[in-house]
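Convention: sequence-line order gives letters A, B, ...; per-chain numbering from 1.
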Amino acid sequence: MINLLFFGRLGDLAKDAPTCIASLEPDTTPLGIRQMMKADHPELSKALSEPQVLVSVNKMIVKWDEPLFEGDELAFLPPVTGG
Amino acid sequence: MINLLFFGRLGDLAKDAPTCIASLEPDTTPLGIRQMMKADHPELSKALSEPQVLVSVNKMIVKWDEPLFEGDELAFLPPVTGG
Amino acid sequence: MNDLVCVQADDFSLSDEYQRLRNINGQVGAIVTFCGLVRDFESSAGEPKSKKLVNYLTLQHYPGMTETLLDDIVMQAKARWDLVAVTVIHRIGNLAPNDQIVFVGVASEHRKEAFDAAQFLMDYLKTKATFWKKLTGEGAEQWLDAKSSDSDAAAKWSEDSHD
Amino acid sequence: MNDLVCVQADDFSLSDEYQRLRNINGQVGAIVTFCGLVRDFESSAGEPKSKKLVNYLTLQHYPGMTETLLDDIVMQAKARWDLVAVTVIHRIGNLAPNDQIVFVGVASEHRKEAFDAAQFLMDYLKTKATFWKKLTGEGAEQWLDAKSSDSDAAAKWSEDSHD
């Protein structure tokens, strides 16, 4: 299982999106998961494709083609606006 | 009469120096007063001659050859060290 | 360790944080503090002229990741300048106008290090730490955009070869 | 006027000064404070390596002239940056290690102005305002020399054509 987290404006768009992916196929990547959402969550998928959106695995920023493993925590991060 | 003020290290050296000049001769300047002190207060006079020492009249920085007038407050200011 | 990093819903006391920094040791000669407050009007990144009335801001973060990033930012500052101690506190949750959002405090022997490090910490915190801000006001909700002036400010620190 | 300039023997409260700046109006989004403290060891300008134990510092100033100069420094800062309010407090008399010497506080909409102005005010205050410091320690008195690093810091602001 892989947990999915959506922050900031992505969280609002992901209200009906899955919060986890139960069975992980081999060679799945964050990019693959983004594409998987295109059919059922087109608006979210479009927002995830914006170039400023970063992706992290287990709280470390990774590339979109990083391979995912069972138990990973995958998070989608829009541009931060703290302080 | 002209009041004389000595600040910082100059104050310590001016403990026996006059605090005012009772009768002002025409065309007296801060430089003239410094030179007047040479005889009785050689150490003070030497310290006043250091290039970093500034002079003010009525709380405004002036040049050493600024003419002085009755009632002026003349102050000798070593380099400041606030904050 | 004399440093303190905290993400919390609770308010903080500038006075308490200052006293902590002041009493660390006798070589502290300079303390710079920064406090960020919620303003009553907020402009969007793209439209600096159109200001929106703020009812409250909602600060969200990524628990666990944020603390790691803040620890890293503090370590970078301490590697770069000779500092006695650093404090970073960032609040989350709903914050009303005039509420305190963020505190950065730096204690050092001399003032230049404290000023530079406090500014560096704020510039990095604004652009690297995983916080997001939603504005609620005038009957609408809106996630705030990152400001390009903030990325520019953070980028400046990597360009500088000397400070 | 929202500005405050004060030369006083009494201690000041960072907390009180901060609250004053914080409550001026709803557009204050950034408050930078600087506090200078007496360190327990002080090095002379010429000999940074030889540190002297401090019993106390004696701060002297030129009453009347100092206040005029501080008012002028604050006016310069407000002309240069968009600031909501400025506070400058400088203490005089005998001050022991860990005592507060000086406070500078700047409130503005955004952080860059507050940081720059606070640093400008300190750099100018150190080199232009009529204060003198005497160190009493290790059984001797010694007037402290001006530091060339302070004059360099103040000179930087006149060279900069843009901030």
Side-chain angles (χ1 to χ4, degrees), chain B residues 1-21 29-31 33-34 37 41-83, chain D residues 7 34-39 42 44-45 57-73 88-92 95 100-104 118-119 121-136 140-151 153-154:
Chain B
M1 191 176 83
I2 284 190
N3 281 314
L4 301 183
L5 295 169
F6 302 89
F7 287 98
R9 68 184 75 231
L10 300 176
D12 287 355
L13 296 171
K15 285 216 191 312
D16 307 317
T19 60
C20 65
I21 289 177
T29 64
L31 185 63
I33 289 178
R34 186 175 92 189
M37 297 195 178
H41 309 280
E43 217 187 332
L44 173 62
S45 169
K46 199 182 152 203
L48 292 174
S49 305
E50 283 171 14
Q52 314 94 315
V53 172
L54 298 180
V55 69
S56 71
V57 170
N58 303 329
K59 305 187 172 74
M60 302 278 285
I61 301 290
V62 297
K63 294 189 175 161
W64 283 90
D65 59 0
E66 182 85 5
L68 294 167
F69 298 96
E70 178 61 28
D72 278 351
E73 177 177 278
L74 173 63
F76 298 97
L77 316 171
V80 299
T81 57
Chain D
V7 180
F34 175 86
C35 287
L37 306 176
V38 180
R39 286 190 302 277
E42 185 74 42
S44 303
L57 293 183
T58 307
L59 272 289
Q60 187 194 42
H61 85 125
Y62 187 172
M65 185 161 181
T66 314
E67 290 84 349
T68 305
L69 290 167
L70 293 180
D71 284 342
D72 181 61
I73 292 168
V88 174
I89 302 174
H90 203 298
R91 292 180 68 196
I92 50 167
L95 301 174
Q100 303 183 124
I101 308 174
V102 60
F103 172 85
V104 164
Q119 205 158 359
L121 287 163
M122 278 306 303
D123 288 347
Y124 266 67
L125 191 155
K126 283 253 178 190
T127 51
K128 310 280 184 209
T130 39
F131 292 100
W132 297 275
K133 254 186 217 154
K134 186 164 66 176
L135 185 163
T136 300
E141 291 188 347
Q142 180 194 351
W143 288 96
L144 295 177
D145 287 318
K147 287 185 189 160
S148 58
S149 62
D150 287 331
S151 343

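The contact list for residues 74-83 of chain B toward chain D, using heavy atoms and a distance under 4.5 Å, reads B/Ala75, B/Leu77, B/Pro78, B/Pro79, B/Val80, B/Thr81, B/Gly82, B/Gly83 by residue number.
With sequence neighbours excluded, the residues satisfying side chain to side chain contact (heavy atoms under 4.5 Å, CB included) with D/Thr136 are D/Tyr56, D/Glu141. Applying the side chain to side chain contact (heavy atoms under 4.5 Å, CB included) rule to B/Lys59 yields the partners B/Glu73, D/Tyr62, D/Met65; only residues at least two apart in sequence or on another chain are considered. B/Asp12 meets the side chain to side chain contact (heavy atoms under 4.5 Å, CB included) test with B/Lys15, D/Lys134, D/Trp143; sequence neighbours excluded.
With a threshold of 4.5 angstrom between heavy atoms, B/Leu5 approaches chain D through side-chain atoms but not through N, CA, C or O. Looking at D/Thr68, there are no atoms closer than 4.5 Å to chain B (heavy atoms on both sides), in backbone or side chain.
Counting heavy atoms of neighbouring residues, nucleotides and ligands inside a 6.0 Å radius, atom CD of B/Gln52 exceeds 12 of them.
The line from CZ of B/Arg9 to CG of D/Asp145 is 4.5 Å long, rounded to the nearest 0.5 Å.
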